[in-house]
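Numbering of ligands and ligand atoms starts at 1, following listing order. Treat the numbers as computed from the prediction; the structure is a model and nothing was measured. In what follows, every heavy atom counts, from backbone to side chain, and hydrogens, waters and symmetry copies are set aside.
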Amino acid sequence: MKDNTMNEPTDNVATNIEENAFSGQTVGTPLCDDAKMSMRNVNVFYDTKQAIHDVSLDIGKNEVVAMIGPSGCGKSTFLRCLNRMNDTIESCKVTGDIKLEELDIYHPKQDVVPLRARVGMVFQKPNPFPKSIYDNVAYGPRIHGLVNRKYDLDEIVESSLRRASLWDEVKDRLHSPGTGLSGGQQQRLCIARTIAVSPEVILMDEPCSALDPIATAKIEELIAELSQKFTIAIVTHSMQQAARVSHRTAYFHMGKLVEVNDTKRVFTNPEHELTEAYITGRFG
Ligand SMILES: Nc1ncnc2c1ncn2[C@@H]1O[C@H](COP(=O)(O)OP(=O)(O)OP(=O)(O)O)[C@@H](O)[C@H]1O
Ligand SMILES: [Mg+2]
């Protein structure tokens, strides 16, 4: 669910800040010692239009990093770079270095299929396949050849649904269509499908924006639990959500990474005036 209460555009102050304040140098702590993914000097273009400008950022092992910023600032574009989802957009060109530990994910010989098994993605709108609940979760392990025996596949399906906090609600109807679940259940099914291939990193692009507050709370609890095992990057429009689920928060503005800091700091004592203008609702 979009949270518009804290970031309604209000006056012209922000426009002046926008024009004057950002030097182009990210403030705060964009890099970390124990990086699971590291991005350096990333630029993204759609044809000739540049959507991301020289962004460098690390995401630490088992860390949850939230990406926030006004609509159109490039959050989804940047997130999609992390598992080469932008490859599916013909006009899109990415430059710079993006590594998953030591692996250069944009190396010309890098196959995107195994990469996306290691760096999974959960989208804004739940998108279960038109298959049964069981087959949705079993899909990844099957195509990646992770199991040979039905018994092992059953185990993966059950443990993934359990970890996604969905097992109890669906265990008696595993062979019913995934599309027959409620929105919040569908999103948890998509999370189960993502974790079934044991990714190392999970990318989430506004995973709760189509959900009600109860379903949102469930997904947020789940994120906290998943972070024990996985590294997570989440785009959200809800500052409360970023504050609840993330360790560090990255504030994007017009394609630039303005500030990255501990989440608490970003929301209580931001270092950059653009971040402050955004979190206090002076523009959205
Ligand atoms: N497929 C595309 N083709 C051309 N331009 C695009 C494409 N996708 C995004 N853009 C442009 O890139 C810029 C960044 O868009 P992006 O979707 O990454 O922003 P966002 O921060 O995720 O916004 P929102 O909060 O609304 O989801 C915008 O100017 C947008 O119009
Ligand atoms: Mg987006």
Side-chain angles (χ1 to χ4, degrees), residues 1-9 14-15 17-19 22 24 26 30 37 39 41-57 59 64-96 98 106 112 119-127 187 190 194 201-211 216 219 223 232-243 245-246 248-260 266-267 270 272 274-275 277-279 281-284:
M1 192 178 59
K2 288 208 175 181
D3 181 339
N4 293 321
T5 52
M6 291 173 73
N7 54 7
E8 294 271 323
T15 317
I17 292 173
E18 254 170 55
E19 281 167 5
F22 190 51
T26 304
M37 292 203 76
M39 287 60 81
N41 309 107
V42 173
N43 292 283
V44 184
F45 302 83
Y46 293 106
D47 288 320
T48 52
K49 183 174 174 285
Q50 188 162 3
I52 292 291
H53 298 257
D54 203 30
V55 169
S56 294
L57 175 68
I59 303 177
V64 181
V65 171
M67 298 174 185
I68 63 167
S71 184
C73 68
K75 304 175 297 293
S76 297
T77 298
F78 185 69
L79 193 75
R80 288 196 301 260
C81 292
L82 309 191
N83 69 349
R84 290 186 49 178
M85 210 47 108
N86 285 327
D87 285 17
T88 59
I89 302 169
E90 209 180 314
S91 66
C92 188
K93 186 172 154 239
V94 179
T95 67
I98 303 186
Y106 278 85
V112 294
V119 186
M121 188 151 192
V122 176
F123 297 87
Q124 185 168 4
K125 227 176 128 229
N127 58 348
Q187 194 60 308
C190 293
T194 301
V201 182
I202 304 177
L203 312 176
M204 297 181 164
D205 194 349
E206 299 188 52
C208 302
S209 66
L211 307 183
T216 297
I219 303 279
I223 291 170
I232 297 174
I234 178 172
V235 168
T236 178
H237 271 275
S238 160
M239 288 183 257
Q240 290 90 341
Q241 178 165 80
V245 303
S246 70
R248 276 188 308 151
T249 292
Y251 174 65
F252 285 79
H253 187 88
M254 296 170 81
K256 293 177 178 164
L257 180 54
V258 171
E259 171 166 356
V260 189
V266 168
F267 291 111
H272 200 286
L274 278 172
T275 318
Y278 181 70
I279 66 158
R282 274 192 280 158
F283 58 84

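- Around the Mg ion (ligand 2), protein N, O or S atoms at less than 2.8 Å comprise S76 OG.
- Note: an N/O pair closer than 3.5 Å links T77 and ligand 1 by distance alone.
- There is a side-chain donor-acceptor pair under 3.5 Å between Q241 and T236.
- Between V55 and the choices N43, V260, L257, the side chain to side chain contact (heavy atoms under 4.5 Å, CB included) rule is met once, by L257.
- Looking at heavy atoms from C-beta onward, L57 lies in side-chain contact with F78 at the 4.5 angstrom threshold.
- Judged as a salt bridge (Lys or Arg N to Asp or Glu O under 4.0 Å), the pairs with a partner in residues 66-84 (not counting sequence neighbours) are, in order, R84-D87.
- Residue-ligand proximity: K49 is placed with a non-hydrogen atom under 4.0 Å from ligand 1.
- Looking at ligand 1, you won't find any N or O of G69 less than 3.5 Å from one of its N or O atoms.
- Two residues are said to be in side-chain contact when any heavy atoms from C-beta on lie closer than 4.5 Å; L79 and S76 fail this criterion.
- Within the 4.5 Å cutoff, the side chain of D54 has no heavy atoms near those of the V42 side chain.
- In this model, a donor atom of one side chain and an acceptor atom of the other lie less than 3.5 Å apart for T77 and Y46.
- Considering both main-chain and side-chain atoms, I89 never comes within under 3.5 Å of ligand 1 through any nitrogen or oxygen pair.
- For a threshold of 3.5 Å applied to N or O pairs, the pair formed by G74 and ligand 1 contains at least one separation below that value.
- Among G72, G255, C81, the residue whose heavy atom lies closest to atom 14 (C) of ligand 1 is G72.
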